[in-house]
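Letters go in sequence order (proteins before strands), and every chain restarts at 1.
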Number of protein chains: 2
Amino acid sequence: MIFFSSIYLGYICFMGVLRKTKSVKLLLSEFEKQSTAISAITLIERLQSKMNKTTIYRVLEKLEDDGFLHSFLGKNGYKWYAKCTNCSSAEHHDVHPHFQCTDCGKVDCLSKDALIPNIPNRKVDVSRVVLQGKCEDCFT
Amino acid sequence: MIFFSSIYLGYICFMGVLRKTKSVKLLLSEFEKQSTAISAITLIERLQSKMNKTTIYRVLEKLEDDGFLHSFLGKNGYKWYAKCTNCSSAEHHDVHPHFQCTDCGKVDCLSKDALIPNIPNRKVDVSRVVLQGKCEDCFT
DNA sequence: TAATTAACGCAACCAAGTTGCAATAAATAT
DNA sequence: ATATTTATTGCAACTTGGTTGCGTTAATTA
């Protein structure tokens with residue numbers, strides 16, 4: 001219950017769109033206790049006893065629309081989600097690169113200044129970047 | 001027939017692995033007459049009267065293993081292929097970013113110095129970058 | 001407490017990509 | 001040139017991440 005006294009609850013109330021259902025709370029708590037990105041598949045595995053996979057996909061989509069999560073495609077084209085930092089339903093700022101470890105599979109967000117997304121003669125709207133390799137733990 | 005008097009034929013003969021079959025020739029000719037990247041789906045649409053989709057996937061995989069094509073995931077997680085510049089079966093150098101137009105869907109390869117793939121404390125093996133937006137033609 | 005309406009569960013579906021296997025056709029040996 | 005070897009192909013069936021339609025349930029509002 002603790003995590004719903006935080007910004008989440010206020011945010012949702014403010015938006016007035018997303019209802020505080022059991023499913024929404026469960027999904028939010030997953031992103032509360034884990035700072036790295038989580039794949040949709042992983043969430044389905046973890047929560048399938050508690051909610052339907054259709055619901056998971058629909059809530060994730062809504063949380064992304066509201067600027068609460070951002071999504072990207074990892075290895076094999078699987079969908080991953082991570083918390084946004086300064087986004088809203090009006091604008092998504094999270095065009096930073098992600099790093100996926102080929103050993104443990106963990107994905108986390110990198111600081112966005114690692115990339116120069118300005119290409120001459122083109123208007124860049126989305127920058128989907130996934131770097132793959134060995135993370136600090138698996139490297140040694 | 002003309003395009004098989006080029007480097008392609010010599011390359012294949014040298015490798016001694018890939019046979020000069022009708023399917024291989026057909027797929028190579030597609031990448032000969034189009035310099036931008038092509039999605040697997042597009043190739044299946046174009047060539048389905050001439051070869052089976054399984055064959056298309058298998059030949060593409062082999063051409064990638066031999067360092068002739070490189071692949072990446074575009075919008076929706078669809079697989080795209082483009083010609084390599086200086087790769088071999090031993091090493092793939094094509095970690096450059098790609099640009100996909102959200103209007104016409106066209107994808108082309110960008111010069112690799114647009115990206116800095118060095119991240120502290122991590123060993124980067126693969127860099128999958130897809131920028132999306134408007135290309136020169138669709139921008140105006 | 002009742003009315004409204006978003007969210008849910010279920011089952012069926014969609015489609016990109018894969019697998020097993022028998023048939024075919026390149027490459028190689030005779 | 002012909003036979004043998006073996007990579008390649010086509011087909012059909014399958015796998016699976018993700019979606020859709022719809023009747024039911026539950027959160028919000030009156």
Side-chain angles (χ1 to χ4, degrees), chain A residues 1 4 8-28 37-66 68-69 71-81 89 100 105 107 130, chain B residues 1 4 8-28 37-66 68-69 71-81 89 105 107:
Chain A
M1 307 297 175
F4 299 112
Y8 292 135
L9 201 57
Y11 173 80
I12 294 159
C13 287
F14 177 74
M15 297 304 290
V17 191
L18 197 59
R19 292 184 175 181
K20 283 167 281 183
T21 65
K22 189 186 140 205
S23 304
V24 171
K25 289 175 185 174
L26 273 169
L27 275 167
L28 283 176
I38 316 176
S39 68
I41 298 286
T42 303
L43 289 168
I44 291 168
E45 280 169 9
R46 284 189 199 165
L47 302 172
Q48 64 184 351
S49 67
K50 290 170 183 162
M51 56 193 296
N52 191 273
K53 71 168 180 174
T54 309
T55 306
I56 294 178
Y57 281 116
R58 283 196 277 229
V59 172
L60 288 173
E61 190 186 15
K62 205 157 268 186
L63 289 171
E64 185 175 20
D65 287 345
D66 287 0
F68 207 86
L69 297 175
S71 72
F72 57 93
L73 300 175
K75 224 176 97 190
N76 303 115
Y78 294 172
K79 215 161 187 184
W80 288 72
Y81 285 88
S89 56
Q100 179 165 36
V107 176
V130 180
Chain B
M1 310 299 174
F4 300 111
Y8 292 134
L9 201 57
Y11 174 78
I12 294 161
C13 287
F14 178 73
M15 297 302 291
V17 191
L18 197 60
R19 292 184 176 182
K20 282 168 281 181
T21 65
K22 189 185 140 206
S23 304
V24 171
K25 289 176 185 173
L26 273 168
L27 276 166
L28 283 176
I38 316 175
S39 68
I41 298 286
T42 303
L43 288 168
I44 291 168
E45 281 169 8
R46 284 191 200 163
L47 302 173
Q48 62 185 350
S49 67
K50 290 171 184 161
M51 56 193 295
N52 191 273
K53 70 168 179 172
T54 309
T55 306
I56 294 178
Y57 281 115
R58 284 197 276 229
V59 172
L60 288 173
E61 191 186 16
K62 206 156 267 186
L63 289 172
E64 185 176 19
D65 287 347
D66 287 0
F68 207 84
L69 298 174
S71 73
F72 57 94
L73 300 175
K75 224 176 99 191
N76 302 116
Y78 295 171
K79 214 159 188 187
W80 289 73
Y81 285 88
S89 56
V107 176

Quickly work out the [X] [atom1] to [N] [atom2] distance and round it to whole Å.
X	N	atom1	atom2	answer
Ile44(A)	dT16(D)	CD1	P	13 Å
Trp80(A)	dG17(D)	CH2	P	13 Å
Leu43(B)	dA15(C)	CG	P	19 Å
Glu61(A)	dC8(C)	CD	P	13 Å
Arg19(B)	dA27(C)	CZ	P	7 Å
Lys25(A)	dA26(D)	NZ	C1'	12 Å
Gln48(A)	dC8(C)	CD	C1'	17 Å
Leu47(A)	dG9(C)	CG	C1'	15 Å

With a cut-off of less than 4.0 Å, is there a side-chain N or O of Thr21(B) near OP1 or OP2 of dA25(C)?
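No, because none of the side-chain N or O atoms of Thr21(B) sits under 4.0 Å from OP1 or OP2 of dA25(C).
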Looking at Lys62(B), does any N or O in its side chain come under 4.0 Å of the phosphate oxygens OP1/OP2 on dT8(D)?
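Checking Lys62(B) against dT8(D): at least one side-chain N or O falls below 4.0 Å of OP1 or OP2.
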Could you check whether any side-chain N or O of Asn76(A) sits under 3.5 Å from a backbone N or O of Tyr78(A), counting only pairs where one atom can act as donor and the other as acceptor?
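Pair absent, no side-chain N/O of Asn76(A) close to backbone of Tyr78(A).
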Polar side-chain atom of Asn52(A) near backbone of Thr54(A) as donor-acceptor pair, under 3.5 Å:
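Looks like yes, one N/O pair under 3.5 Å.
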At under 4.0 Å between heavy atoms, what does Ile41(B) touch on the DNA or RNA strands: base, sugar-phosphate, or nothing?
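Sugar-phosphate contact only - Ile41(B) comes under 4.0 Å of backbone atoms but never of a base.
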Taking the side chain as every heavy atom from C-beta outward, state whether Gln48(A) and Lys53(A) have any atom pair closer than 4.5 Å.
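Contact flag for Gln48(A)/Lys53(A) side chains = no.
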Taking the side chain as C-beta and beyond, is there a heavy-atom pair between Val24(A) and Arg19(A) under 4.5 Å?
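The answer is no; the side chains never approach within 4.5 Å.
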Nucleic acid contacts of residues 50-57 of chain B, taken as heavy-atom distances under 4.0 Å to DNA chain C
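Heavy-atom contacts with DNA chain C come from Lys53(B), Thr54(B), Tyr57(B).
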Checking contacts here: which listed nucleotide (dC11(D), dT28(D), dC8(C)) is nearest the side-chain heavy atoms of Arg58(B)?
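Between dC11(D), dT28(D), dC8(C), the one nearest the side chain of Arg58(B) would be dC11(D).
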